[in-house]
Amino acid sequence: MYKAVPAQIDLPGLEHEILQMWDEEAVFAASVAARADKPLWTFYEGPPTANGTPGAHHVEARVFKDVFPRYRTMKGYHVPRQAGWDCHGLPVELAVEKELGFTGKGDIEAYGVAEFNARCRESVLRHVGEFSDMTRRMGYWVDMDGAYWTMDAQYVQSVWWSLKQIFNKGLLVQDHRVAPYCPRCGTGLSDHELAQGYETVVDPSVYVRFPITGGGLAERFPGCALLVWTTTPWTLVSNTAVAVNPNAEYCVVESDGEKLVVASELVAQVFGDTEHKVLATISGRDLEYTTYQRPFDLIDIPDAHIVILADYVTTDDGTGLVHQSPAFGADDLISCRAYNLPVVNPITADGHFEPSVPMVGGVFFKKADETLVASLLERGLLFRKDPYEHAYPHCWRCHTPLMYYAQPSWYIRTTAIKDQLLEQNAKTNWFPPTIQWGRYGDWLTNNVDWALSRNRYWGTPLPIWRCPDDHLTAIESLAELSQLSGKDVTETDPHRPFVDDISFPCPQCSLIAHRVPEVIDCWYDSGSMPFAALGYPQTNAEAFAEQYPADFICEAIDQTRGWFYTLMAIGTLVFEESSYKNVVCLGHILDEEGRKMSKHLGNVLEPIPFMDAHGADAVRWFMLASGSPWQARRVGHNSISEVVRKTLLTYWNTVSFQSLYARTSQWSPSSSDPAPADRPLIDRWVLSGSNRLAREVDIALDQFDTQRAGRLIATFIDDLSNWYVRRSRRRFWDGDPAALATLHEALQTVTLCMAPFTPFITERVWQDLFRSTDPDASGSVHLASWPKLSEDLIDDRLESDMALVRRLVELGRAARADSGVRTRQPLGRALISASGWNELSSDLRDQIAEELNVWNLEGLGDNALVNLSVKANFRSLGQRFAKDTPSIATAIAGADAAALVASIRATGTGQITVTGFGDIDISEEDLVITETPQEGWTVASDAGESVALDLAMNDELISAGLSRELIRALQEGRKTSGLDITDRIQVFWTSSDEKLSAALLTHEAEIADDVLAVQVQNAAAPSEATVIKTELPVELAILRAV
RNA sequence: GGGCCUAUAGCUCAGCUCGGUUAGAGCGCUUCCCUGAUAAGGAAGAGGUCGAUGGUUCAAGUCCAUCUAGGCCCA
């Protein structure tokens, strides 16, 4: 027997019970173990940074990471799922710095690197707890006990091993380049980190006069100045040169008594309405080696301050003359090197001007702008100053504006494998597909070398040792280090400062080699997880070979330049093959107003309270099925509660209904239930639909399309509840085994299809309906297999017939509403006109009659004088007649509809005369034929289908109507007086109304049957009976029968 | 400046792959109906220049081009 399923449900409460059951019975482990000998379907978990608290976007990604492995498991695959935690990196360091009240690297050094890193490790352990709780609460099944931690010694050594492979290929190199640099964190950043941190800021954009001191122009136009534009006034201190485009045209402009050099194309923009006159034009090339007076004379920059040529200079913006400061611009550095100009850097590693610099010594670089601009103004060098709004890169973690800063760094030469990366990308399936050659492909095409090193503390140490003669040795493990150093260091923590203390004689020259000071980008750590999570190659070599590459990974779109890239790049660098085949790339989650969620705005959704308010299933269903996962979506309390009402509660109530009546009639599924073929048509319709559902959802999930799958499921649940159950209610009251078996089977299918989406509620239903009635049922819905298809039960004809039935019912209801006669009042007959009506089985016709409360349904043409109208069916005509379609359509509209239809119905074709074409044969499919009765009917028509109601009343109909009215009043009375649905009652009535009395007597048996009355007495009610309120002229009362 | 995404009812979104002549759903609003599973369901009404322009076509929300606005990412 089924378990009792209450109509009311507390979803979050249910989920906590299920969570406990899963824990107690170790269902997740069992679901993986049960498929151990089945084909592998591999999934890689992208490790969240164990820092800060989880947000709604983590829930989103984790829902998708959960649904496909669950689905594949049901389909018979072995899907191990290893959790992972990203432990290293700036985010963790910054959090610890904040806790300790540090302001920079000096504080860390003073505190001690060992102690600092210990705090970092402790911080990671603390934050992982929050992620674990959220993960468990939402029902994301992933093995957290066996999680990989990027800070584990084994993991670090795997990363070392991979770096050594790359080093050996000559692709890990040190170089001196201008790179984005965070002065607060004191380290360079990679391009994909840069991508995380653009912020819109307003900087001063200044036009500065650089008076010419030598060269051709100085002689021709004494007092002339170069007009130079920059948005970073602080770099003017180290001005070294001015670059112009050799192929652009420049001119000398006289305005307001001064002479300035500007690119010709920009003259109008620079001078605007100010009166100005062009004195001469000159090519950029001819400006080369012009000398000028630099704007600030604060630091020593020998042999500089000339005009140089550079192709990258454009005349789109500014003045076409670009100030050069080679320490702070990648392009500047390249251009100035070509002229052997010095690279002078007056800014220290913490972003402040050196104390010895006059005017701005000790000032933070960005803060110097104001002082410097004031000085320019005072000395008459400032031509113009505008606020300039633009996106400027900031540190993605501490929000300090970045400097482009010349510094030595370690790079992975990814540009050398760019073609291979493009090749690997071509073999990857992206969902949605636009990412592949759009956002991601674009990124690959513009690939730059990976700036790998960080001048920090808490990270995987770069495993390169260097001797005084600059010989480099890459190390792959502590074992190798032990061998070289002659000491057993295999138990040493492979982090700073401990590895820094290990040294060994250089294998090439025997001088003592020490480790270089840098640690690596933590994105390299996470990108190494396919092998490092297994400790490969030191351990698990076999498992790795089986599990590489992954069948499936999934993250949000911000990972295109993050994890999606580092995974592919490292895979290609080390194994010459990308590490994933299918990648699902999600849009972001926004708040209800469409804004990004951020702590700053205070609109962050706390996942656990959110799930405890609505239920994790509701949140999951929303993420998977509501709107497009590829797009940014708004989420909030309203959108989630709609999901609950529309889908989850409808499903639950259908289950509760089934349980109620099955238990009432002591029904359990058994072999004595009628076979599907022997059940009524409506049952076969449901089974056709449920089997189709299993097939279509399977296809959709195979294509990673949860939105489509969700729509299919929601539609089916709606059909089941609001058509099948609604239409079959009486059979359930009667305990009809065919109906009960049908609903049982349909619910089983939909429960299985839904299990990956909403694992909690489906588990509850599985336990209450299926495990309780089938000794062979698996102990959990998540140990069950995908529903077995019975293709032979899928009946296209039946489904299209039922669709017609439902359309006709819809028309009938419209006509009913129009007529003003309430549905409880039966009508004698309705006339139907629709193609397909004649072929409709009597079972299906009965569905229409019952739903509309009409005693007889008849074909329209046989019973009334009919008005015919015809319209052109353009879809059909267009294919045949193309550009002549409109003339044909006009002719059809003007034709004698009655004669045309009569001819088509008799012979299959009809003829119309079209001016310029003569007679044309048309068939029924070329037309939309609408039949309506000529008079005296209430009609509703749509798309060639009509339902007409006969409103004529007679005593019999009125009597039946009164009886229905009484039944409804009595049922309402039963309900409000709190009777159980199985309670029997006695009915007492008295009435002075003749018609009503007659109706009661005529329909007594039927009334008694419907309201479970053991007796219907025409007598005054005893005092203990409950009086039923009704607007009919009758005194009515009921009493619970003993 | 480049890449990608988005624009359909007051709000949230389908429909666009594969063009068919009255553009759909849900929420909200008005009126009515049905109801012994339902926190539901149904009918009617109000509410749309399907972002704009141009093109292709017999026919464009749907295909093409350009533009506008917003978003994300990059320069």
Side-chain angles (χ1 to χ4, degrees), chain A residues 5-9 191 194-196 198 314 316-317 390-391 393 432 434-435 437-443 445-446 557-558 560-561 587-588 590 592 594-596 626-628 630-636 638-639 641-646 648-661 707 711 714-715 718 721-723 725-726 729 732-733 809-818 820-824 851 853 871-879 881-889 928 940 942-943 967-968 970-976 979-983 1010-1012:
Chain A
V5 177
Q8 308 285 312
I9 178 64
D191 285 79
L194 193 67
Q196 316 269 329
Y198 274 82
T314 69
D316 297 336
D317 229 345
H390 62 147
T434 48
I435 308 282
W437 297 118
R439 189 176 284 220
Y440 187 73
D442 190 44
W443 163 253
T445 311
N446 297 311
I557 193 163
D558 52 301
T560 37
R561 287 158 169 81
H588 280 129
L590 307 172
E592 278 183 309
R595 297 172 305 180
K596 244 185 187 170
S626 193
S628 170
W630 324 130
Q631 257 159 254
R633 287 180 293 170
R634 302 178 180 197
V635 61
N638 293 330
S639 40
S641 53
E642 193 179 323
V643 160
V644 172
R645 281 208 318 277
K646 285 300 295 175
L648 298 185
L649 288 182
T650 308
Y651 166 70
W652 181 259
N653 285 315
T654 308
V655 168
S656 164
F657 175 88
Q658 167 78 351
S659 161
L660 179 65
Y661 288 101
Q707 187 189 18
R711 221 175 18 231
T715 304
D718 190 63
S721 169
N722 291 319
W723 186 249
V725 172
R726 175 189 171 80
R729 240 185 302 227
F732 286 91
W733 299 348
V809 163
E810 206 173 301
L811 287 172
R813 284 177 181 147
R816 270 266 182 194
D818 200 30
V821 181
R822 49 174 40 179
T823 312
R824 275 201 294 278
E851 183 67 21
N853 198 16
K871 277 194 338 192
N873 180 3
F874 281 87
R875 189 188 284 268
S876 159
L877 289 173
Q879 279 164 16
F881 298 108
K883 67 166 164 257
D884 302 324
T885 308
S887 339
I888 312 275
V928 177
D942 184 55
I967 290 170
R968 205 200 67 79
L970 287 165
Q971 297 286 38
E972 184 68 27
R974 285 186 60 115
K975 201 174 176 180
T976 50
L979 291 174
D980 189 81
I981 56 149
T982 54
D983 285 338
D1010 268 20
V1011 305
L1012 299 184

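These values consider heavy atoms only, across backbone and side chains, with no hydrogens, waters or symmetry-generated copies. Convention: sequence-line order gives letters A, B, ...; per-chain numbering from 1.
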(request) Compare the minimum distances between each of B/rC34, B/rA39, B/rU35 and the side chain of A/Leu649, then state the nucleotide with the smallest one. (result) B/rA39
(message) As a test of reading the structure: which of B/rA43, B/rG20, B/rA37 is closest to the side chain of A/Ser721, going by heavy atoms?
(response) B/rA37
(request) Give the rounded distance in Å between these two atoms: CD of A/Gln8 and C1' of B/rU38. (result) 9 Å
(message) Given B/rC72, B/rA37, B/rU22, identify the nucleotide with an atom nearest to the side chain of A/Lys871.
(response) B/rU22
(request) Round to a whole Å and report the spacing from OH of A/Tyr440 to P of B/rC73. (result) 18 Å
(message) For A/Asp1010, give me all partners under side chain to side chain donor-acceptor pair (under 3.5 Å), at least two apart in sequence or on another chain.
(response) A/Arg730
(message) Taking the minimum atom-to-atom distance to the side chain of A/Arg813, which one of B/rC4, B/rU38, B/rA43 wins?
(response) B/rA43
(request) Report the nucleotide, chosen from B/rC4, B/rA14, B/rU35, that has the shortest atom-to-atom distance to any side-chain atom of A/Thr434. (result) B/rC4
(message) I'd like the C1' distance from B/rA7 over to B/rU49, given in whole Å.
(response) 15 Å
(message) Let's see if you can work this out: which of B/rG41, B/rA39, B/rC33 has an atom nearest to the side-chain heavy atoms of A/Arg726?
(response) B/rG41
(request) Please identify each residue that fulfils side chain to side chain contact (heavy atoms under 4.5 Å, CB included) with A/Asn653, with sequence neighbours left out. (result) A/Leu649
(request) Give a yes or no on whether the backbone of A/Asp718 and the side-chain of A/Ser721 come within a donor-acceptor separation of less than 3.5 Å. (result) no
(request) Give the nucleotide from the list B/rG41, B/rU21, B/rG71 with an atom nearest to the side chain of A/Asn722. (result) B/rG41
(request) Examine B/rC34: is either OP1 or OP2 under 4.0 Å from a nitrogen or oxygen in the side chain of A/Arg824? Give yes or no. (result) yes
(message) Nearest to the side chain of A/Thr823, heavy atoms from C-beta on, is which of B/rC33, B/rU35, B/rA37?
(response) B/rC33
(message) Of the options B/rA37, B/rU38, B/rC73, whose atoms approach the side-chain atoms of A/Val725 most closely?
(response) B/rA37
(message) For A/Thr823, give me all partners under side chain to side chain donor-acceptor pair (under 3.5 Å), at least two apart in sequence or on another chain.
(response) none
(message) If I take atom CZ from residue A/Arg968 and atom CD from residue A/Glu972, how far apart are they, to the nearest 0.5 angstrom?
(response) 5.5 Å
(request) Starting from P on B/rC34, measure out to CD on A/Gln971 and report it in whole angstrom. (result) 15 Å
(request) Consider the side chain of A/Arg822, meaning its heavy atoms from C-beta on, and name the nucleotide among B/rC58, B/rA37, B/rC33 that approaches it most closely. (result) B/rC33
(message) Only Watson-Crick and G-U wobble pairs, only distances under 3.5 Å, only runs of 3 or more: what stems does that leave for RNA chain B?
(response) B:1-7 with B:68-74, B:10-13 with B:24-27, B:29-33 with B:41-45, B:51-55 with B:63-67
(request) Tell me, please, which residues at least two apart from A/Arg726 pass side chain to side chain donor-acceptor pair (under 3.5 Å). (result) A/Glu851
(request) Would you mind reading off the distance between A/Glu851 atom CD and B/rC33 atom C1', rounded to a whole angstrom? (result) 12 Å
(request) Quick one: list whatever passes side chain to side chain donor-acceptor pair (under 3.5 Å) with A/Tyr651, sequence neighbours left out. (result) A/Thr751
